[in-house]
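What you see is a predicted model, and the numbers here were worked out from it, not measured in a lab. So you know, we letter chains A, B, ... as the sequences are listed, proteins then strands, and number each from 1.
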Amino acid sequence: MAKVLTSRKENYAQWYNDLVIKAGLAENSAVRGCMVIKPYGYAIWEKMQAELDRMFKETGHENAYFPLFIPKSFFSKEADHVEGFAKECAVVTHYRLKNKDDGQGVEVDPAAKLEEELIVRPTSETIIWNTYKNWIQSYRDLPILVNQWANVVRWEMRTRLFLRTAEFLWQEGHTAHATRKEAEEETRQMIDIYADFAQNYMALPVIQGHKSEGERFAGALDTLAIEALMQDGKALQAGTSHFLGQNFAKAFDVTFTDKTGKLDHVWATSWGVSTRLMGALIMGHSDDNGLVLPPKLAPHQVVIVPIYKNDEQYDTVCQKGEEIRKALLKKGISVKFDKRDTQKPGWKFAEYELKGVPIRLALGMRDIENGTIEVARRDTMKKEIMPVEGLPEKISALLDDIQEGIYNKALKFRDDNIRYVDTWDEFINTLENKGGFIMAHWDGTAETEERIQNETKASIRVIPIDSRQEEGKCIYTGKPSKQRVLFARAY
RNA sequence: CGGGGUGUAGCACAGUCCGGUUAGUGUGCCUGCUUUGGGAGCAGGAGGUCGCAGGUUCGAAUCCUGCCACCCCGACCA
């Protein structure tokens with residue numbers, strides 16, 4: 001078989017890029033730094049969206065939509081926020097084009113200069129809090145639990161498909177609460193939902209924790225994140241949930257009257273995940289044959305490939321294949337029956353492996369005579385012949401088994417790659433030779449964190465929520481520390 | 001914005017140093033026959049402003065000048 005992909009071990013970045021393109025998920029567009037998400041990639045994203053949206057609604061959230069453009073003045077009201085985003089924003093300065101005087105195309109009409117420039121949203125806190133000001137007067141108006149599915153633009157210098165693109169799709173939740181406690185609980189609840197989604201749907205184990213001060217969201221008092229480990233030993237931030245305190249309420253003058261008649265600023269959170277999750281899904285599970293999709297997110301859980309030598313056999317096999325497809329559908333399994341006579345079976349096998357379809361069924365005359373079918377699972381690449389009798393139940397169970405299997409495989413990889421390190425030499429050595437997550441002591445200062453990052457390119461991914469208190473010494477300065485934090489090189 | 005590199009068929013590239021038939025290879029595409037239980041074989045075919053502009057020359061993908069675009073490494077990136 002002709003190798004379509006480079007090997008993971010040879011060149012991980014190249015392998016990833018090839019895979020995204022060849023599996024038909026996405027490609028670079030004519031616009032620098034922007035990505036075209038192709039139908040198959042978008043279908044996976046839609047599955048993710050559907051599950052996340054359900055989880056948000058089950059916890060009382062509602063969807064809404066706010067403008068793409070943010071007046072510059074809104075954006076500058078929160079000092080830390082503007083500091084964090086200013087450098088990477090696209091700015092609209094004019095609202096009209098005109099024909100060139102020489103008739104050769106169009107140019108920006110200088111007469112159409114905007115009084116105030118508009119920023120293409122890199123995130124929506126400012127426009128939303130400007131709006132919330134009008135929505136909130138009393139404690140009776142609270143909480144506001146709103147989510148938005150949208151695109152945002154961050155003008156990154158260097159981009160990679162799904163992991164960092166100039167424009168990307170995401171959801172951003174923006175909530176307003178009467179008390180600090182309630183907002184903090186919301187922050188925590190949402191990171192739990194993200195972790196739940198990552199583990200139970202994406203089959204990717206994650207570590208939850210607080211970001212250090214230096215890595216916090218611009219304008220937040222606390223940032224919670226989930227971090228996943230990719231197969232090349234680098235970390236990927238897969239989702240964040242921010243406790244914003246009263247910063248945005250103060251910046252946008254959002255106050256409410258509480259039960260006792262006292263005026264106070266509203267407490268806020270924001271949280272989001274993006275199409276970057278697609279990158280996590282791809283890098284977390286795939287192998288040299290292509291994608292490996294968890295059954296819960298695969299656009300097609302099963303594909304049926306007919307095998308035949310002539311028209312007569314084609315008809316027979318198609319008829320039986322159709323019966324099987326319907327039986328599986330009845331069981332709630334999503335099935336594609338690839339009846340195309342323009343591609344051959346071997347080609348189809350390779351294609352669906354590249355696309356990560358969890359189960360492939362091959363049906364030929366031999367099977368029809370014996371009342372059997374060939375069942376191949378993508379995660380282990382194992383094939384077996386099964387009776388068609390009782391197939392839906394077996395496939396259903398097999399899908400659960402695959403979902404669990406790929407989670408366990410990723411979990412074992414993750415756990416095998418968490419290392420506890422106590423000295424600087426050991427830290428450097430582990431980073432260089434093994435990669436992965438490193439649990440080590442840190443003196444808690446931003447200065448030390450920055451120095452470690454400058455010297456090693458490793459950053460503090462999170463201060464894990466569940467890590468136990470333990471006396472130790474900072475690996476860099478030797479100063480006392482009470483808790484290990486999670487270091488890694490990251491995407 | 002610095003350092004390096006590349007522009008030749010839908011895609012990937014050779015040819016450029018040392019100018020010389022009708023610009024080539026792989027892959028993909030189209031047609032036909034044979035195939036079909038792991039990305040088929042053979043035969044035929046279509047497809048090119050050689051990034052753009054100017055110059056040198058009998059003659060330029062190739063040499064010279066200018067411009068443009070893109071890629072990689074930095075800077076940037078909760």
Side-chain angles (χ1 to χ4, degrees), chain A residues 1-6 11 13-14 17-18 21-22 27-33 80-89 122-123 125 152-160 163-166 168 170 172 209-227 236-244 270-272 274 276 289-290 305-311 313-314 317 340-355 360-370 372-376 381 383 385 446 449 453-454 457 459-462 490-491:
Chain A
M1 183 176 96
K3 271 278 172 229
V4 175
L5 299 170
T6 42
N11 184 337
Q14 172 106 45
N17 202 55
D18 277 8
I21 291 167
K22 294 196 170 130
E27 62 192 26
N28 289 306
S29 79
V31 183
R32 189 198 159 279
D80 289 339
H81 194 65
V82 71
E83 176 71 17
F85 284 104
K87 290 171 198 158
E88 54 187 38
C89 285
T123 181
E125 274 76 4
V152 287
V153 170
R154 297 180 186 177
W155 211 263
E156 303 289 357
M157 306 297 285
R158 305 192 56 189
T159 60
R160 286 191 75 188
L163 300 177
R164 178 171 293 117
T165 46
F168 55 93
W170 78 345
E172 47 180 328
H210 299 268
K211 285 289 182 184
S212 64
E213 203 182 328
E215 298 264 318
R216 227 174 250 161
F217 176 74
L221 297 187
D222 187 17
T223 289
L224 291 171
I226 52 171
E227 291 283 329
L236 185 74
Q237 178 177 300
T240 48
S241 180
H242 314 290
F243 171 59
L244 302 175
S270 70
W271 28 273
S274 71
R276 190 177 229 216
N289 294 309
V305 177
I307 290 154
Y308 55 91
K309 292 194 203 308
N310 52 45
D311 286 355
Q313 289 190 2
Y314 179 75
V317 170
R340 287 178 298 173
D341 61 356
T342 51
Q343 310 292 354
K344 274 160 294 168
W347 192 93
K348 290 177 185 174
F349 291 172
E351 179 70 7
Y352 292 113
E353 274 156 22
L354 191 56
K355 287 187 179 298
R360 183 190 70 233
L361 303 176
L363 183 69
M365 293 309 287
R366 203 192 296 159
D367 294 304
I368 288 176
E369 281 157 25
N370 300 333
T372 60
I373 193 160
E374 183 191 89
V375 179
M381 299 290 277
K383 292 191 271 198
I385 306 292
E449 179 184 13
Q453 181 156 10
N454 288 342
K457 288 185 176 165
S459 53
I460 298 173
R461 302 317 305 157
V462 287
Y491 277 100

Heavy-atom donor-acceptor pair, Lys383(A) side-chain to G38(B) base, under 3.5 Å: yes

Is Asn310(A) touching bases, backbone alone, or none of the nucleic acid, heavy atoms closer than 4.0 Å? nothing

Has Trp170(A) got more than 12 heavy atoms of other residues, nucleotides or ligands less than 6.0 Å from its CH2? yes

What is the minimum heavy-atom distance between Val317(A) and Leu363(A), and which atoms define it? CG1-O, 3.3 Å

Please report the distance separating the P of A61(B) from the corresponding atom of U21(B), rounded so that it comes out in whole Å. 11 Å

Pairwise C1' distance, C1(B) and G39(B) [rounded to whole Å]: 46 Å

Need one value for Arg360(A): base, sugar-phosphate or nothing, where a base atom within 4.0 Å counts as base even if backbone is also close, heavy atoms only. base

Rounding to an integer number of angstrom, what distance separates G7(B) and C67(B) when you compare their C1' atoms? 14 Å

Minimal non-hydrogen separation, Ala362(A) against Ile307(A), with atom names: CB-CD1, 3.8 Å

Could you tell me whether Gly364(A) contacts a base, only the sugar-phosphate backbone, or nothing, with contacts defined as non-hydrogen atoms closer than 4.0 Å? base

Secondary-structure stems, RNA chain B, at least 3 Watson-Crick or G-U base pairs under 3.5 Å: B:1-7 with B:68-74, B:10-13 with B:24-27, B:29-34 with B:40-45, B:51-55 with B:63-67

Sole residue of Thr223(A), Leu221(A), Asp222(A) in side-chain contact (heavy atoms from CB on, under 4.5 Å) with His242(A): Thr223(A)

Can you tell me, in whole Å, how much space there is between the P of G44(B) and that of G55(B)? 44 Å

Would you measure the distance from the P atom in C50(B) across to the matching atom in U8(B) and give it in whole Å? 11 Å

Side chain of Ala350(A) (C-beta onward), nearest among G38(B), U36(B), C77(B): G38(B)

Partners passing side chain to side chain contact (heavy atoms under 4.5 Å, CB included) against Glu156(A) (at least two apart in sequence or in another chain): Glu88(A), Arg154(A), Thr159(A), Arg164(A)

Contacts of Gly33(A) and Thr223(A) projected onto RNA chain B by closest heavy atom; the upstream (5') one is Gly33(A)

When you check the gap from the basic side-chain N to the acidic O, do Arg366(A) and Glu374(A) get nearer than 4.0 Å? no

Heavy-atom nearest nucleotide on RNA chain B for Glu351(A) versus Arg164(A): which residue maps closer to 5'? Glu351(A)

Minimum heavy-atom separation for Lys211(A) to Ala225(A), with atom names? CE-CB, 3.7 Å

Interatomic distance at P, G5(B) relative to C76(B), whole Å: 24 Å

Report which part of the nucleic acid Gln343(A) touches: base, sugar-phosphate, or nothing (heavy-atom distance under 4.0 Å, all strands). nothing

Measuring only the P atom in each nucleotide, how far is U25(B) from A69(B)? A whole number of Å is fine. 34 Å

C63(B) versus C18(B) - spacing of their P atoms, nearest Å: 8 Å

Just the rounded figure in Å: distance from P of G39(B) to CZ of Arg340(A). 16 Å

Quick one: Ile307(A) CD1 to U35(B) P, roughly how many Å, whole number? 18 Å

